[in-house]
Chemist: 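Here's a structure for you.
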Amino acid sequence: MLDTCRVHAALPATDLGRARQFYEGTLGLTPERERTAGVRYECGGGSGLFVFPTSGGDRGGHTQAGFEVPDIDAAVLALRARGVAFEEYRTPALQTVDGVATESDGSRAAWFEDSEGNLLVLVQYA
C-alpha cells in the first residue's frame with residue numbers, strides 16, 4: 001500500500017528561525033510551503049523535509065534524515081566550506097576517515113548535525 005507513496009522526514013526545531021537559517025543558508029534548500037506548523041523543503045524526486053517548532057529538547061541520538069548524493073566527497077567539501085562539521089566514529093561496526101565511512105559494498109556515508117541537534121547523513125550508494 002505505501003510502496004508507491006512519497007516519503008518525507010519531519011525534524012523538530014527548538015528555534016525555527018535558526019533552523020531556517022541552517023536549512024536555507026547552509027544547506028541551500030528553498031522553502032516549498034510555509035505554515036504555522038512549520039516549513040516544508042522539497043529535496044528532489046518529490047521527497048522533502050518538514051521542519052517544525054517544538055519545545056521538546058530530546059533529539060533521539062540517531063540518524064533522522066538522509067540526503068542521497070552522487071559525489072559524497074564534493075558534497076562534504078561544499079558543506080564544510082559552509083561551516084558544517086562532520087561526525088567522526090570509531091566503533092567496531094563503523095569507522096569514519098575524515099568524516100566519511102565506507103561500507104563493504106562501497107557505499108559511503110557522512111553524518112552531521114543541523115542547528116537543532118538533529119543528526120543528518122549524506123549517502124552515496126555504490
Side-chain angles (χ1 to χ4, degrees):
M1 174 180 141
L2 297 180
D3 61 337
T4 60
C5 297
R6 293 186 303 169
V7 66
H8 76 270
L11 300 172
T14 53
D15 183 329
L16 189 58
R18 179 179 60 207
R20 289 190 70 166
Q21 287 178 346
F22 179 81
Y23 284 96
E24 295 166 29
T26 303
L27 299 188
L29 302 180
T30 302
E32 175 203 11
R33 189 177 313 134
E34 299 178 42
R35 299 179 177 166
T36 337
V39 181
R40 184 180 193 285
Y41 299 96
E42 180 100 14
C43 297
S47 65
L49 288 175
F50 183 70
V51 181
F52 64 94
T54 183
S55 58
D58 187 16
R59 295 290 170 257
H62 59 276
T63 305
Q64 294 167 277
F67 296 89
E68 186 176 338
V69 296
D71 182 343
I72 198 164
D73 294 318
V76 167
L77 188 64
L79 289 176
R80 278 195 172 129
R82 293 175 170 224
V84 173
F86 287 85
E87 303 291 316
E88 291 291 343
Y89 297 108
R90 299 278 183 266
T91 70
L94 178 71
Q95 294 195 17
T96 54
V97 176
D98 198 25
V100 179
T102 302
E103 298 285 332
S104 59
D105 71 352
S107 296
R108 301 173 72 211
W111 289 263
F112 63 97
E113 287 188 358
D114 72 1
S115 62
E116 307 307 296
N118 297 305
L119 189 59
L120 309 176
V121 66
L122 302 177
V123 178
Q124 177 184 338
Y125 291 109

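None of the values given here were measured: they were computed from a predicted structure. The basis for the numbers below is simple: all heavy atoms, side chains too, and nothing from hydrogens, waters or symmetry mates.
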Chemist: About how many Å separate CZ of Arg82 and CG of Leu27, when rounded to the nearest 0.5 Å?
Modeler: 8.0 Å
Chemist: Of all residues at least two apart in sequence or in a different chain, which pass the salt bridge (charged side-chain N to carboxylate O under 4.0 Å, His left out) check with Asp98?
Modeler: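 Counting only residues at least two positions away or on another chain, Asp98 forms a salt bridge (charged side-chain N to carboxylate O under 4.0 Å, His left out) with Arg80.
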Chemist: State, yes or no, whether a side-chain contact exists between Glu68 and Tyr125 at a heavy-atom distance under 4.5 Å.
Modeler: yes
Chemist: Could you tell me whether a side-chain N or O of Gln64 sits under 3.5 Å from a main-chain N or O of Leu11, the two making a donor and an acceptor?
Modeler: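 A pair under 3.5 Å: no.
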Chemist: Starting from the C-alpha separation in whole Å, work towards a yes-or-no answer on side-chain contact (heavy atoms from CB on, under 4.5 Å) for Phe86 and Leu79.
Modeler: CA-CA 9 Å; Phe86 287 85; Leu79 289 176; 4.0 Å; yes
Chemist: Looking at Ala65 and Ala9, what are the two nearest heavy atoms and their distance?
Modeler: CB-CB, 3.8 Å
Chemist: With a 4.5 Å cut-off on side-chain heavy atoms, are Val123 and Val69 touching?
Modeler: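 Of all side-chain heavy-atom pairs linking Val123 with Val69, none is under 4.5 Å.
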Chemist: Taking transitive links into account, so neighbours of neighbours count too, which hydrophobic residues share a cluster with Phe50 at under 4.5 Å side-chain distance?
Modeler: Phe52
Chemist: Keeping Asn118 on the side-chain end and Pro12 on the backbone end, is there a donor-acceptor pair under 3.5 Å?
Modeler: yes
Chemist: Could you tell me which non-hydrogen atom of Ala110 sits nearest to which non-hydrogen atom of Gly99, and how far apart they are?
Modeler: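 The answer is CB-O, 3.2 Å.
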Chemist: If I take atom CG from residue Asp15 and atom OG from residue Ser115, how far apart are they, to the nearest 0.5 angstrom?
Modeler: 7.5 Å
Chemist: Test of understanding: with ring pair (Phe, Tyr, Trp, His ring centres under 6.0 Å), list the residues that count as partners of Phe67, not counting sequence neighbours.
Modeler: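 With neighbours one apart ignored, the set is empty.
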Chemist: For residues 70-77, dump all side-chain donor-acceptor pairs below 3.5 Å to protein atoms at least two apart in sequence or in another chain.
Modeler:
unit_1, atom_1, unit_2, atom_2, d
Asp71, OD1, Asp73, N, 3.2
Asp71, OD1, Ala74, N, 3.1
Asp73, OD1, Arg108, NH1, 3.4
Asp73, OD1, Arg108, NH2, 3.1
Asp73, OD2, Arg108, NH1, 3.0

Chemist: Within a strict 4.5 Å, meaning less than it, do heavy atoms of the Thr14 and Ser55 side chains meet?
Modeler: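 Of all side-chain heavy-atom pairs linking Ser55 with Thr14, none is under 4.5 Å.
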Chemist: Any chance you could measure Phe22, atom CZ, to Glu113, atom CD, to the nearest 0.5 Å?
Modeler: 9.5 Å
Chemist: Do Val100 and Leu122 have side chains that approach each other closer than 4.5 Å (heavy atoms only, starting at C-beta)?
Modeler: no
Chemist: If we ignore hydrogens and angles and just use 3.5 Å, is the side chain of Thr63 paired with the main-chain N or O of Leu119 as donor and acceptor?
Modeler: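 Absent.
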Chemist: Run the side chain to side chain contact (heavy atoms under 4.5 Å, CB included) test against Ala101 and tell me which residues pass, sequence neighbours left out.
Modeler: Leu94, Thr96, Trp111
Chemist: Checking side-chain contact (heavy atoms from CB on, under 4.5 Å) for the pair Ser47/Val7: CA distance, chi angles, key distance, verdict?
Modeler: CA-CA 6 Å; Ser47 65; Val7 66; 5.7 Å; no
Chemist: Return all side-chain donor-acceptor pairs below 3.5 angstrom for residues 33-41, not counting sequence neighbours, or 'none' if the list is empty.
Modeler:
unit_1, atom_1, unit_2, atom_2, d
Glu34, OE1, Arg20, NH1, 3.0
Glu34, OE2, Arg20, NH2, 3.4
Arg40, NH1, Glu32, OE1, 2.4
Arg40, NH1, Glu42, OE1, 3.2
Tyr41, OH, Glu24, OE2, 2.7

